[in-house]
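Chain letters run A, B, ... following the sequence lines, proteins first, then strands; residues in each count from 1. What you see is a predicted model, and the numbers here were worked out from it, not measured in a lab.
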Protein chains: 4
Amino acid sequence: MTKDKLIQAAIANFAEFGYQGATMSKIAKEVGIKPASIYYFFDNKEALFKEAVKVILAHHFSSMKKTYHLQKEENLHTLFSELLRSILVHHTTFQNETKAYVTMVNSPISNIKREITAYLQRYNQWLVGQLMHTISAKHPELKEEKISSLIDYFIFIGNGLFWGVVIYEKDELKKNLVQAIHLMDQCLLHTIGSEVNE
Amino acid sequence: MTKDKLIQAAIANFAEFGYQGATMSKIAKEVGIKPASIYYFFDNKEALFKEAVKVILAHHFSSMKKTYHLQKEENLHTLFSELLRSILVHHTTFQNETKAYVTMVNSPISNIKREITAYLQRYNQWLVGQLMHTISAKHPELKEEKISSLIDYFIFIGNGLFWGVVIYEKDELKKNLVQAIHLMDQCLLHTIGSEVNE
Amino acid sequence: MTKDKLIQAAIANFAEFGYQGATMSKIAKEVGIKPASIYYFFDNKEALFKEAVKVILAHHFSSMKKTYHLQKEENLHTLFSELLRSILVHHTTFQNETKAYVTMVNSPISNIKREITAYLQRYNQWLVGQLMHTISAKHPELKEEKISSLIDYFIFIGNGLFWGVVIYEKDELKKNLVQAIHLMDQCLLHTIGSEVNE
Amino acid sequence: MTKDKLIQAAIANFAEFGYQGATMSKIAKEVGIKPASIYYFFDNKEALFKEAVKVILAHHFSSMKKTYHLQKEENLHTLFSELLRSILVHHTTFQNETKAYVTMVNSPISNIKREITAYLQRYNQWLVGQLMHTISAKHPELKEEKISSLIDYFIFIGNGLFWGVVIYEKDELKKNLVQAIHLMDQCLLHTIGSEVNE
DNA sequence: GATGAATGAGCATTCATTCAT
DNA sequence: GATGAATGAATGCTCATTCAT
């Protein structure tokens, strides 16, 4: 569908040139239509990019959800490892979207910035909610604040992994994943004790 | 000096709008001169921004060096803690430069991208070189690869801290610093053993 | 058609101000559109002027061809006289194009200069080819080099006529045409002998 | 002297780029000073170029005068031949000035155009005056109108030679000179009769 | 004599957008 | 659905010129 192709082209252009650098002509050319035709699908540039942002965020959310639901029955080591791997895989696989996301985070377009900030909150809430539930089910003895701290470490480590995707080449990232998993294991060890030992 | 003010204004605009979004008029207005006057100091937009990038990177380098030389005699816990704190302090104090840096990392202007990539390498080399030297002096018994791994963890944890600066508010970052230091301590503990115990 | 009107306006502006002095605004205003609209028809200023040059040269060629084919059956005196008159008439009738041509000949825009040089060669080849054929048909007894010399004189005399158009007022030019024809007749007389005597 | 160097640079730039294309910076750079310094010597761009034009025209006049006075005692064939050769030599030797002159002829700067037109008249008057005097001295039997016509032919032939300098390469011009002299000889022959036979 | 710093005016060009078709 | 033609607004940049030093 033309509309979807436009959004994909918008993401690619956003990733490469940023919001101001992405132009309706380049996007149109990439899709094989004339710039004027974009306005049949979207009210204006901002609307197109707002939609593109939504797609990127929804895609990220669905990736994370999928991994989560596939792994939530596993032990915590596995769950966290797979979540971290998932961060890496998603962001390296959809580099365009990741680059676009990085430029968006500081976007001067308030609508877009708002979208992002809201998403970050929603995603965090979801993640914390899910993890709290899953972990407390597996380890009823753990105090809530311990779990909470664990999750915070997970998020922190995830951030390190994420930024690595932006600045390192693919092959350097494997090492980063190993490091991330190892650090997470340390946290688990300290919080829960034995479980992580294989 | 007008030239320096221009560079600062360029950084601020780059941070807020990205390369394409930053305009010579906005920059000129911020400095209190007319757009045409910028061209007395810089050949063109790209030259101005290339200079701005250099300033940002040099500034970062000097921050890190300063901390390093102040702390290199301390024990490793302190050294790493202070380096991590330094990352946080530098990037929160000079948020403009940090935001600009984030936008630059994916800059479509190849000259700028090249500058960044080169800097990242140079900085890494310096950091690794210094740490290798300092740590092996303090702990002659450690095998080189152990030290190397320690440094890698430090860099990874630093990345997490850095990305936090970009997406979190100031007060959330204190927690991040604590986490970073704690994770680093774990790494030290595993590598060196006793020293870190207070 | 807007595109044709643009080319005509470009010629007029080129004639009056030269390449650098002709501006897109002046041209647009002359056509009754806004400067930005020119770019719908032409990639840029150079492309517009390259097209304008082509039009001027093609126009000149077609004028000369037309006269040639109308007069080639006549005797040589008439043929040459009419060709000379045609030079005068074409260049005085389309003064804009002539002035533009004069400015173009030394154009610093290499694309344009190239176009001109190439045309001059092509036109000369055509002229020489045609005249050789026509004259040798009418005067089989003439050696090729005699004909060639005759043609060279014609071109030389044509040049004198041409430069007159640039620097003299219309009424002075009639005398120039008479002179040109008379000189050409002298050449014919010397080459062929009797024919020219009426 | 800097002022003279400026005029020479102005001529060179005028020749290459035309009035609008010649810039104060380029001229300043060529002379090795800064643009602002030009204004110590000339009120403004137009004044500089007006001066440059004067220099070109005066130079042309002096060239022609010199030849004239060297040759006025010779017979008419020699006199005209040398004058024609002089046209060729002057304009090929000082190509810059010739190119500048060609662009100036249609200059939109009225001061410059006026200067040129006035010069053309003055030069013509001088030429006609001298030739009338010289020829009637040598050939008292000739009616004034015959001499006048002879001079007109000379001017016409000179124009052909001049335009050749603009459009042909140096080696093609020798042929043009031979043609010019030959045509002039024909005119002499018709007007005066025997003299030209050597 | 010369220039560093600055500017108003203008230029070619781009871009998001419109609208009749 | 799509586009040809057009434009207002803005952009990076140039240029002749000024003026205090």
Interface with DNA chain E, restricted to residues 7-20 of chain A and to heavy atoms under 4.0 Å: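 Hits under 4.0 Å, by residue number: none.
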
Sub-4.0 Å heavy-atom contacts from residues 31-47 of chain D onto DNA chain E, ordered by number: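 Of all residues in residues 31-47 of chain D, the ones placing a heavy atom under 4.0 Å from DNA chain E are Ile33(D), Lys34(D), Ala36(D), Ser37(D), Tyr40(D), Phe41(D).
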
Greater than 12 external heavy atoms within 6.0 Å of Lys50(C)'s NZ: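 Counting neighbours around NZ of Lys50(C), 12 or fewer heavy atoms of other residues, nucleotides or ligands fall under 6.0 Å, so no.
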
Lys45(D), NZ: over 12 other non-hydrogen atoms inside 6.0 angstrom: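 Yes, NZ of Lys45(D) has more than 12 neighbouring heavy atoms, counting only those of other groups under 6.0 Å.
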
Under a 4.5 Å cut-off applied to non-hydrogen side-chain atoms, are [X] and [Y] in contact?
| X | Y | value |
| --- | --- | --- |
| His59(D) | Glu97(D) | yes |
| Asp4(A) | Met1(A) | yes |
| Asp43(D) | Tyr39(D) | no |
| Thr103(D) | Val102(C) | no |

Please report the distance, rounded to the nearest Å, between [atom1] in [X] and [atom2] in [N].
| X | N | atom1 | atom2 | result |
| --- | --- | --- | --- | --- |
| Met24(B) | dT7(E) | CE | C1' | 15 Å |
| Lys50(D) | dA16(F) | NZ | P | 19 Å |
| Leu48(D) | dC15(F) | CG | C1' | 14 Å |
| Ile27(B) | dC13(F) | CD1 | P | 11 Å |
| Phe49(B) | dT11(F) | CZ | P | 12 Å |
| Lys29(B) | dA10(F) | NZ | C1' | 12 Å |
| Asp4(B) | dA5(E) | CG | P | 12 Å |

Within residues 108-116 of chain C, residues whose heavy atoms come under 4.0 Å of DNA chain F: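 Residues of residues 108-116 of chain C under 4.0 Å from DNA chain F: none.
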
Atom pairs and distances, donor-acceptor, side-chain atoms in residues 9-24 of chain B, under 3.5 Å, two or more places apart:
unit_1: Asn13(B); atom_1: ND2; unit_2: Ala9(B); atom_2: O; d: 3.0
unit_1: Asn13(B); atom_1: ND2; unit_2: Glu30(B); atom_2: OE1; d: 2.9
unit_1: Tyr19(B); atom_1: OH; unit_2: Glu46(B); atom_2: N; d: 3.4
unit_1: Thr23(B); atom_1: OG1; unit_2: Lys26(B); atom_2: N; d: 3.1

Atom C1', compared across dG1(E) and dT21(F): separation rounded to whole Å: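 About 13 Å, rounded to a whole number of Å.
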
Set of residues satisfying side-chain contact (heavy atoms from CB on, under 4.5 Å) with respect to Ile167(A), sequence neighbours excluded: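 Per chain and number, Ile167(A) pairs via side-chain contact (heavy atoms from CB on, under 4.5 Å) with Trp163(A), Val105(B), Leu120(B), Asn159(B).
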
Non-hydrogen atoms of Pro35(C) and Ser25(C) that approach each other most closely: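 That would be CG-CA, 4.0 Å.
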
OP1 or OP2 of dA5(F) under 4.0 Å from side-chain N/O of Thr2(C):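 Indeed not, no polar side-chain atom of Thr2(C) lies that close.
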
Secondary-structure notation, DNA chain E, from Watson-Crick and G-U pairs under 3.5 angstrom (| other strand): .||||||||||||||||||||

Lys/Arg cation over aromatic Phe42(D): Lys3(D), 6.0 Å, 45° cone: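 Yes, a cation-pi geometry.
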
Matching residue for Asn111(B) among Lys113(B), Glu115(B), Arg114(B) - test: side chain to side chain donor-acceptor pair (under 3.5 Å):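 Result: among Lys113(B), Glu115(B), Arg114(B), Arg114(B) is the only option passing the side chain to side chain donor-acceptor pair (under 3.5 Å) with Asn111(B).
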
Test log, rule side-chain contact (heavy atoms from CB on, under 4.5 Å), inputs Val31(A) and Phe41(A): CA-CA 13 Å; Val31(A) 170; Phe41(A) 299 99; over 6 Å; no

Ring centres under 6.0 angstrom apart (Phe94(D), Tyr101(D)):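 So the answer is no for these two rings.
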
Sugar-phosphate, base or nothing in reach of Ala22(D), heavy atoms under 4.0 Å: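 If one applies the 4.0 Å heavy-atom cut-off, Ala22(D) turns out to touch the sugar-phosphate alone, with no base involved.
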
Mutual orientation of the aromatic rings belonging to Tyr123(C) and Tyr119(C) [parallel < 30°, tilted 30-60°, perpendicular > 60°]: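 Aromatic pair Tyr123(C)/Tyr119(C) classed parallel.
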
